[in-house]
Amino acid sequence: MKQPPSGMTEECGVAGAVAPGRQAARAVFFGLFALQHRGQEAAGIASSDGRAAYIHKGLGRVAQVFDEDNLGPLLGELAIGHNRYSTTGATQLRNAQPHLVETALGPLAVAHNGNLTNARRLRRELLEAGIGFSSGSDTEVMLRLLALPAEGEAAGDPWLTRMRRLMERAEGAYSLVVLTREAVYALRDPWGFRPLAVGALEGGGFAVASESSALATMGAGFDFEVEPGSAVRLDREGYTVHRLVEPQKRALCVFEFVYFARPDTLLDGQEVHAVRRRLGAELAREAPAEADVVVGVPDSATAHALGYAEAAGLPYAEGLIKNRYIGRTFIEPDDALRKSGVRLKYTPLASVLAGRRVVLVDDSIVRGNTAGPLVRLLRSAGAREVHLRVASPPVRHPCFMGLDMATHEELIAHNLDVAKIREHVGADSLAYLSHAGMMRAVGGGRGFCDACFTGRYPVTLEAGPAGADALVGEG
Ligand code: SF4
């Protein structure tokens with residue numbers, strides 16, 4: 001299980017299924033299981049059997065939250081689910097998703113990956129219209145908007161009319177799965193910030209998931225990605241695609257390629273692992289080092305390190321061993337252990353490192369809390385030199401589109417230049433991949449959000465970057 005880089009919690013994962021003649025919640029469980037890396041604070045599944053809706057949510061990882069006793073009662077051929085990371089404050093069960101309410105059209109449940117940048121304004125408008133809220137989350141804003149009748153909804157599918165209204169008003173990132181009595185819907189914001197993939201289930205029916213790789217775990221193939229500005233309606237008969245609003249200039253989160261997504265996920269038809277190797281190769285061309293061996297920070301920077309080693313003509317070796325079971329623990333380490341920081345997660349391999357000049361490749365540096373201890377760890381195992389190479393540009397700006405990535409002040413590259421960061425982490429040399437190099441590796445012509453590197457946000461931040469108008473982002 002990969003861990004977020006220091007200072008960056010992961011975003012959320014969503015999944016949904018329509019499984020005629022079978023229990024959809026079971027497929028969704030496995031989808032969430034495959035998306036565990038996108039959120040480990042809470043998990044939940046809501047289902048519908050056409051008469052009633054059922055829900056179970058809990059704190060912790062998917063395998064901690066669900067067992068046969070609580071999965072069994074999630075009846076029905078339709079289900080959606082969510083993995084959550086917490087953004088601010090304590091992890092609270094009331095913030096776990098999906099959110100479920102009863103409406104005049106029957107049950108409505110929503111699970112969200114992303115973050116609305118105009119949630120506060122929408123919430124204020126709803127409050128003034130007499131709509132109450134039970135949380136401060138942007139997901140509930142979307143749920144309440146969907147629960148409100150829309151003009152002209154009597155003709156056709158009323159949910160699609162309401163979803164169009166939602167998409168006309170919401171700004172920011174949202175890949176949503178929505179459960180109603182008759183169908184599961186998958187919606188993607190007009191910018192396409194976060195991924196969302198659909199595929200046919202073995203044995204009939206359809207599945208949707210944040211990442212294509214999770215579809216296989218659900219027993220589905222991968223058919224297509226939901227287009228920005230569109231909704232896909234999945235029901236017992238099949239699926240229909242609805243362009244609800246015009247897509248905006250495309251802005252897929254480039255960090256999905258750098259770090260977030262699983263290596264076996266396909267984004268825009270590109271395998272994430274292959275892109276990561278290209279990021280490493282670009283880095284090797286831009287920032288070579290006189291060294292004996294290339295080591296990646298496991299597991300998230302392994303592919304980048306392989307790409308670097310290949311392009312540099314240097315041997316790649318596992319110089320750091322990661323505890324696979326580190327995960328989230330509710331047991332806090334004592335002070336001495338906390339100070340040793342990365343030792344909880346990584347141990348160095350002296351046979352690889354002793355007496356060697358090492359290139360240490362990481363995918364990104366956010367706060368800069370981990371890089372220094374890692375460099376020291378390599379030196380403690382006898383590394384003669386440590387040359388730190390980062391396979392993305394310096395992160396200088398926070399994310400307001402679904403990544404809880406610290407504030408400007410907490411970002412080390414916002415405060416220090418590269419020379420000072422090198423000093424801070426104690427490496428013999430430090431180099432980041434250039435923005436142009438990153439764009440070459442990801443296929444830059446396709447349109448990406450790269451705001452955390454450039455400060456150019458694809459959506460308006462109502463209160464400006466320093467105080468973006470976002471409520472608690474839950475997804
Ligand atoms: S600001 Fe960075 S992390 Fe956030 S959506 Fe844009 S590229 Fe992704």
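First listed ligand is number 1; within each ligand, the first listed atom is number 1. Quick caveat: nothing in here was measured; it's all calculated off a predicted structure.
Using a 4.5 Å cut-off on side-chain heavy atoms (C-beta onward), Thr139 and Gln97 make contact.
A perpendicular orientation is assigned to the rings of His397 and His414, their planes being inclined by more than 60° (bins at 30° and 60°). Aromatic ring pairs are classed by plane angle as parallel below 30°, tilted from 30° to 60° and perpendicular above 60°; the pair Phe453 and Phe255 is parallel.
Residue Met401 holds its CE atom at 4.5 Å from CZ of Phe193, rounded to the nearest 0.5 Å.
The ligand atoms of ligand 1 that sit less than 4.0 angstrom from a heavy atom of Cys452 are 1 (S), 2 (Fe), 3 (S), 7 (S). Near Val254, with a cut-off below 4.0 Å to any heavy atom, the atoms of ligand 1 are 7 (S).
At least one heavy atom of Arg194 sits less than 4.0 Å from an atom of ligand 1.
Residue Cys253 counts as close to atom 8 (Fe) of ligand 1, with an N, O or S atom under 2.8 Å.
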